[in-house]
Engineer: 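Pasting in a structure now, in C-alpha cells, and then I'll have a few things to ask.
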There are 2 protein chains.
Amino acid sequence: MQQDEKAVSNTERAISELRRLVFSGELAAGSDHLESELAERLGMSRTPIREAARTLESQGLLELRARKGVRILSVSPDDMREIYDVLTELESLAAERAAEKGYSEEQLAYLAEAIEDMDRGLELGELEAWARADDRFHSELVRLGGNSRVIAIVAMLADQVRRARTVTLFMRPVPVQSNRDHQGVYEAIMRGDAQAARNLHRTHRQQARDMILNLLERHRLRQL
Amino acid sequence: MQQDEKAVSNTERAISELRRLVFSGELAAGSDHLESELAERLGMSRTPIREAARTLESQGLLELRARKGVRILSVSPDDMREIYDVLTELESLAAERAAEKGYSEEQLAYLAEAIEDMDRGLELGELEAWARADDRFHSELVRLGGNSRVIAIVAMLADQVRRARTVTLFMRPVPVQSNRDHQGVYEAIMRGDAQAARNLHRTHRQQARDMILNLLERHRLRQL
DNA sequence: GCTGAATTTAGCGCATACGTAAAAAAATGC
DNA sequence: GCATTTTTTTACGTATGCGCTAAATTCAGC
C-alpha cells in the first residue's frame with residue numbers, strides 16, 4: 001500500500017524545511033538570508049517563504065528585518081535562563097496534573113520506556129541517544145499533563161534551546177542525577193502524588209538550569 | 001509639535017485592526033470571514049491580511065481554513081482552565097522574580113497605583129475601571145518579573161480570555177478579596193519576600209480560576 | 001583626504017493575476 | 001422524488017511584477 005502523499009502546501013514545506021536548516025546549523029545562528037535566496041534554495045517563490053518566516057518568527061526562531069532579510073536568532077545565556085525558568089514552571093505543572101489523572105501503568109509505559117532508554121544510553125556512553133530519550137521523557141510528561149497550551153509553549157521553547165543542547169551535551173557531567181530525578185517523578189505520578197511529582201520535577205529542572213548556566217559561563221559561551 | 005507619524009506597514013495595521021475587531025466583538029467568536037472580505041474592509045489587498053492572519057493564528061486568536069476563510073476562535077471552559085493554569089504558574093514566577101530584584105518604592109509606584117485604582121473602582125462601583133486597573137496590575141507585575149518570554153506568553157493568553165472577562169465581569173461577586181490579594185503581593189515584593197510573593201499570587205490566581213470556572217458552569221456558558 | 005550631498009541600487013511590502021481544488025449548483029438517470 | 005454525476009463557481013495558494021524607501025555608492029566641494 002502506497003503512503004498516501006497528502007498534498008502539503010509549500011508554506012508548510014517551507015516551515016519544516018527552514019526549521020531543519022536552522023537546527024542542523026546550515027543556517028547559522030546570527031546569520032542573515034535574503035528571502036529571494038531562501039526561495040530559490042527551497043524551489044518556491046517568496047510568498048510561501050514569507051508566510052513560513054512569519055510563523056517561525058512568532059516561534060522565536062528567526063526575525064524578519066526589512067531589507068536585511070531573515071536573521072536566524074541566536075540564544076544568549078540570558079535567553080537560556082528565561083527559557084529554563086518557564087520550562088521549570090510549566091513542566092512542573094504538567095507533572096502535577098499528570099499525577100492527578102491517575103494514569104495506569106500502560107498509559108505510563110512510554111514514559112517508563114524513555115527512562116529505560118536514558119539508562120541504557122548512559123551505560124553505553126551514548127550521549128546522543130541519552131539526549132533523545134531525555135527529550136522524549138520531557139515531551140511525554142508534558143503530553144500527559146494534558147494542557148494543550150503548555151504542550152505548545154514547551155515545544156516552542158524546547159526548539160529555541162535545541163542548538164544549545166547539542167553544544168553543552170558533551171561539556172556537562174555525566175547525567176546520572178538526571179536519571180534518578182526522572183525515576184522519582186515517574187514513581188510520584190504512578191502513585192498519584194501530585195505535590196511530590198511537582199516538587200521533584202521542579203527541583204530537577206532548577207538544577208539542570210543552574211548546571212547549564214554555569215557551564216556556559218565557565219566556557220565563556222555568550223551566544224549559541 | 002506634530003506627532004511623527006511613523007510609517008506603519010499594512011500588515012501591522014491589519015494585525016492591530018483585526019485584534020480590535022475581535023475584541024470588540026465585531027468579528028464574533030466562531031464566525032468565518034473570507035480573506036477578500038477582510039481585505040476590502042480594511043482597504044488593502046489579501047497579502048497583508050494573510051500575513052496578519054498567520055500572526056494572529058499563532059497567537060491563538062483565529063484560524064486559517066482553506067476555502068473557508070478566517071475563523072475567529074471561541075474560548076470554552078476547558079480553554080479557560082488551561083489558560084488560567086498557565087497564567088497561575090507564570091505570574092507566580094514573575095512575582096517571585098520581582099521580589100528578588102529589590103525594587104525601590106518608586107519602581108513599584110505604577111504597581112501601587114494600579115492597586116489604588118482598583119480600590120477606587122470598587123468604591124465607585126465602576127467595574128470596567130476596576131477591570132482595567134486589574135489588567136494593569138497583572139501586566140505590570142509580569143513586566144517587573146523581567147522575563148521577556150513570560151511577558152509575551154502572558155500577554156497572548158490574556159488576549160485569549162479578554163472576551164470572556166467582559167462577560168463574566170458583571171456576573172462575578174464584587175472582587176474585594178482580589179484587591180486584598182494584590183495588596184499582599186505588593187507588600188511581599190516590597191519587602192523582598194520572594195516565596196511569599198509567589199505563594200500569595202499563586203493562591204490568588206487559583207481562586208480566581210475556580211471562581212470563573214464555577215461561574216461559567218452555573219450559567220451554562222460553553223463558548224465565549 | 002574627508003565630510004556631506006546626490007545618485008544608484010537593492011530588496012522588501014504589497015497589489016495583482018491565475019491555476020487548482022473544493023464546494024455548490026445543475027443536470028441526468030433511475 | 002432521490003441519488004449520482006457533471007458543470008460551474010468560488011476562494012485559496014502561490015507566482016509575479018513593481019513602487020518605494022533604506023542602504024550603498026559615487027560625486028562634489030572644501
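Computed from a predicted model, the values in this text were never measured in an experiment. Just so it is clear: chains get the letters A, B, ... in the order the sequence lines come, proteins before strands, and each one is counted from 1.
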Engineer: Rounded to the nearest Å, what distance is computed from the CG atom of residue A:D32 to the C1' atom of nucleotide D:dA23?
Structural biologist: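 Atom-to-atom, A:D32 to D:dA23, this comes out as 14 Å.
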Engineer: Please write out each protein N/O paired with an N/O of nucleotides 24-26 of chain C under 3.5 Å, distance rounded to 0.1 Å.
Structural biologist:
none

Engineer: B:A208: which residues meet the side-chain contact (heavy atoms from CB on, under 4.5 Å) condition with it, sequence neighbours left out?
Structural biologist: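 By the side-chain contact (heavy atoms from CB on, under 4.5 Å) rule, B:A208 matches no residue at all.
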Engineer: Please state whether the rings of A:F137 and A:H182 are parallel, tilted or perpendicular, taking 30° and 60° as the class boundaries.
Structural biologist: parallel
Engineer: Yes or no on side-chain contact (heavy atoms from CB on, under 4.5 Å) for B:R165 and B:D134, after CA distance, side-chain angles and deciding distance?
Structural biologist: CA-CA 11 Å; B:R165 275 200 55 144; B:D134 183 58; 3.0 Å; yes
Engineer: Which atoms of nucleotides 9-13 of chain C (N or O only) lie under 3.5 Å from a protein N or O atom, and what are those distances?
Structural biologist:
{"residue": "C:dG11", "atom": "N2", "partner": "A:R67", "partner atom": "NH1", "Å": "3.3"}
{"residue": "C:dC12", "atom": "OP1", "partner": "A:G69", "partner atom": "N", "Å": "3.3"}
{"residue": "C:dG13", "atom": "OP2", "partner": "A:R50", "partner atom": "NH1", "Å": "2.3"}
{"residue": "C:dG13", "atom": "OP2", "partner": "A:R50", "partner atom": "NH2", "Å": "2.8"}
{"residue": "C:dG13", "atom": "N7", "partner": "A:R46", "partner atom": "NH2", "Å": "3.0"}
{"residue": "C:dG13", "atom": "O6", "partner": "A:R46", "partner atom": "NH1", "Å": "3.3"}

Engineer: Name all residues meeting the side-chain contact (heavy atoms from CB on, under 4.5 Å) criterion together with B:S148; count only those two or more places apart in sequence or in a different chain, and write none if there are none.
Structural biologist: A:E82
Engineer: Within a reach of under 6.0 Å around CD of B:E26, are more than 12 heavy atoms found that belong to other residues, nucleotides or ligands?
Structural biologist: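 More than 12 within 6.0 Å, yes.
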Engineer: Can you tell me the distance, in whole Å, between the CD atom of B:E40 and the C1' atom of C:dT16?
Structural biologist: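 After rounding, the reported distance stands at 15 Å.
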Engineer: Return the CZ to OG distance between B:R19 and B:S24, rounded to the nearest 0.5 Å.
Structural biologist: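 Going from CZ on B:R19 over to OG on B:S24, the span is 12.5 Å.
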Engineer: Nearest 0.5 Å, please: how far is CG in B:L18 from CZ in B:F23?
Structural biologist: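 One finds 11.0 Å between CZ of B:F23 and CG of B:L18.
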Engineer: Considering the options B:R65, B:R67, B:K68, which one meets the salt bridge (charged side-chain N to carboxylate O under 4.0 Å, His left out) requirement together with B:D32?
Structural biologist: B:R65
Engineer: What donor-acceptor contacts under 3.5 angstrom involve side-chain atoms of residues 215-224 of chain B, with partners at least two apart or in another chain?
Structural biologist:
{"residue": "B:R220", "atom": "NH1", "partner": "B:E217", "partner atom": "O", "Å": "3.3"}
{"residue": "B:Q223", "atom": "NE2", "partner": "B:S74", "partner atom": "OG", "Å": "3.0"}

Engineer: Please give the angle, rounded to 10 degrees, between the axes at the start and the end of the helix from C:dG1-D:dC30 to C:dC30-D:dG1, where five pairs define each axis.
Structural biologist: 10°
Engineer: Determine whether the side chains of B:T55 and A:R54 contain a donor N or O and an acceptor N or O closer than 3.5 Å.
Structural biologist: yes
